[in-house]
Amino acid sequence: MSSTWLITGATSGFGRLVAERALAGGAHVIAVGRRRDRLAELAELAELAESAPHGQVTPVALDLTAPDAQDVLAEAVRSAGGLDVLVNNAGYGLFGAVEQVDADAARAIFDTNVLANLTVLRATLPALRAARGRILQTSSLIGQFAWPSSGLYSASKGAVELISEALAHELAPTGVKVTIIEPGTFATEFSTSLQVVAPNDVYLPTVGQFLTDFAALPPQAFGDPDTVADAIMAVAELDEPPLRLAVGADAVEHIRASLHSRLAELDRWEHFPRVPAGEPA
């Protein structure tokens, strides 16, 4: 794999697993994350690897919401001599009733999950176009619908979904391919970084019950995150990748149910408001 990958959120979760796989295949990985210690671990992993071929790591310690983030990323890509694959993966979770999520928390999740995603795209798209490269945008099964408590997080991932869909259309003549990855529930560090706003009495029956049920899920309800990393590596190699890729049985099941529900509602209400009998349509 003689290619260059830029991976955000490369220090943990899906990002770390994808970085390890890309390195094992011989790629040059521009690893972006906030934690310098974990970036150093990844770089050390590449240096100590005895198997060949093995790639190299360019660690970039960066807060993607910083004012200079776009310039820092663009310079990293220039120094690498180009870019073939972008895994736009950085983000975090926020659960809480829509009314109870305050303005600062709402801005913060959109700053990281949406606006920083756009920053990464602006920094990398010129090089990706030159290479006719690949873009993998990490969303979620709840980027397609929302649970009680997931309103703000789902909205941020829904924004990523629609931005990515438009981007795929806009880039089609250039040869750049875009795929939205929609993981289900997997055993990553997502839950440890998840921010939760405790529901008040009004939302205990809905948000509170959902959070209680979610916390009670057994370990076997959480899939192996290697499944997602493997899917990302595989789809990056496809000549004609899908626009959306749901990963995990729960993601497929819940997204399919949501789409069926939306279609049923569309069919039911497509002629609303109905024309009263005896009046011209």
Side-chain angles (χ1 to χ4, degrees), residues 5-9 14-15 18 64 70 73 83-94 106 109-147 150-186 190 228-229 231-248 250-267 270:
W5 292 48
L6 189 149
I7 304 172
T8 66
F14 302 136
V18 172
L64 291 172
Q70 182 174 331
L73 293 173
L83 186 64
D84 300 289
V85 181
L86 166 65
V87 182
N88 210 354
N89 170 71
Y92 70 93
L94 171 65
I109 196 164
F110 274 81
D111 281 347
T112 297
N113 290 7
V114 182
L115 299 182
N117 186 286
L118 289 171
T119 293
V120 176
L121 289 171
R122 286 191 292 266
T124 57
L125 276 169
L128 288 165
R129 285 196 300 272
R132 298 175 66 87
R134 301 301 175 89
I135 299 172
L136 292 306
Q137 295 270 79
T138 302
S139 178
S140 167
L141 80 163
I142 49 175
Q144 285 278 339
F145 60 91
W147 289 324
S150 79
L152 272 296
Y153 177 71
S154 291
S156 72
K157 289 302 185 179
V160 169
E161 294 249 355
L162 293 180
I163 287 167
S164 302
E165 184 170 341
L167 186 67
H169 293 309
E170 293 162 3
L171 290 174
T174 73
V176 177
K177 306 292 187 182
V178 179
T179 297
I180 306 159
I181 306 296
E182 300 169 333
T185 307
F186 287 89
F190 177 85
V228 178
I232 289 173
M233 298 304 295
V235 81
E237 296 294 324
L238 295 179
D239 290 335
E240 295 298 332
L243 174 61
R244 288 179 170 86
L245 182 67
V247 186
D250 60 335
V252 173
E253 176 187 352
H254 288 299
I255 292 172
R256 178 177 285 122
S258 174
L259 292 172
H260 281 310
S261 175
R262 291 174 66 181
L263 285 170
E265 187 173 50
L266 181 67
D267 290 342
E270 64 178 316

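All values reported here derive from a predicted model rather than from experimental measurement.
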**OP:** Would you give the length of the straight line joining atom CG of Leu86 to atom OG1 of Thr8, rounded to the nearest 0.5 angstrom?
**Re:** 7.0 Å
All N/O donor-acceptor pairs, side-chain side in residues 156-175, below 3.5 Å, sequence neighbours left out:
from   : atom 1 : to     : atom 2 : distance (Å)
Ser156 : OG     : Asn113 : ND2    : 3.1
Ser156 : OG     : Tyr153 : O      : 2.7
Lys157 : NZ     : Thr138 : O      : 3.0
Glu161 : OE1    : Gln144 : NE2    : 3.2
Glu161 : OE1    : Arg244 : NE     : 2.7
Glu161 : OE1    : Arg244 : NH2    : 3.4
Glu161 : OE2    : Ser139 : OG     : 2.8
Ser164 : OG     : Gln137 : NE2    : 3.0
Ser164 : OG     : Val160 : O      : 2.6
Glu165 : OE1    : Arg244 : NH1    : 3.3
Glu165 : OE1    : Arg244 : NH2    : 2.9
Thr174 : OG1    : Leu171 : O      : 2.6
Thr174 : OG1    : Val176 : N      : 3.3

**OP:** Please work out which of the three classes, parallel, tilted or perpendicular, describes the rings of Phe145 and His254, given edges at 30° and 60°.
**Re:** tilted
**OP:** Look up atom OG1 in Thr112 and atom CG in Leu64, then write down how far apart they are to the nearest 0.5 Å.
**Re:** 8.0 Å
Original post:
Would a 4.5 Å heavy-atom cut-off, applied to side chains only, mark Leu136 and Val85 as touching?
Top reply: yes
**OP:** To the nearest 0.5 angstrom, please state how far the CG atom of Leu263 sits from the OG atom of Ser258.
**Re:** 9.5 Å
Subject >> Residue pair Ala246 / Ala251: nearest heavy atoms and the distance that separates them >> reply: CB-CB, 4.2 Å
Subject >> Distance in Å, Leu83 CG paired with Leu125 CG, rounded so as to fall on 0.5 Å steps >> reply: 9.5 Å
Original post:
Taking the side chain as C-beta and beyond, is there a heavy-atom pair between Ile181 and Val235 under 4.5 Å?
Top reply: yes
Original post:
Which residues pass the side-chain hydrogen bond (donor to acceptor under 3.5 Å, both in side chains) test with Ser140, sequence neighbours left out?
Top reply: none
Subject >> Heavy-atom closest pair, residues Phe14 and Asn89 >> reply: CB-OD1, 4.1 Å
Original post:
So, does Ser150 use its side chain to make a donor-acceptor pair with the main chain of Ala146 at under 3.5 Å?
Top reply: no
Subject >> CZ/Arg256: more than 12 non-hydrogen atoms of other groups inside 6.0 Å >> reply: no
Subject >> Thr179 to Pro241 - nearest heavy-atom pair and separation >> reply: OG1-CB, 3.5 Å
Original post:
Are the side chains of Val114 and Asn117 in touch, meaning some heavy atoms are under 4.5 Å apart?
Top reply: no
Original post:
If you look at every heavy atom in Phe186 and Gly248, which pair is closest and at what distance?
Top reply: CZ-CA, 3.9 Å
Subject >> Sequence-distant partners of Glu240, side-chain hydrogen bond (donor to acceptor under 3.5 Å, both in side chains), two or more places apart >> reply: Lys177
Original post:
Rounded to the nearest 0.5 Å, how far does CD1 of Ile255 lie from CG of Leu141?
Top reply: 5.5 Å
**OP:** Compare every heavy atom of Leu245 with every heavy atom of Ala231, then report the nearest pair and how far apart it is.
**Re:** CB-CD2, 4.1 Å
**OP:** Working to the nearest 0.5 Å, report the span between CG of Leu152 and CG of Leu94.
**Re:** 5.5 Å
**OP:** Would you indicate whether Glu270, at its atom CD, is surrounded by more than 12 heavy atoms from other residues, nucleotides or ligands within a distance under 6.0 Å?
**Re:** yes
Original post:
Asp84 versus Arg134: any side-chain heavy-atom pair under 4.5 Å?
Top reply: no
**OP:** Kindly indicate whether the side chain of Ile135, heavy atoms from C-beta on, has any atom under 4.5 Å from the side chain of Leu121.
**Re:** yes
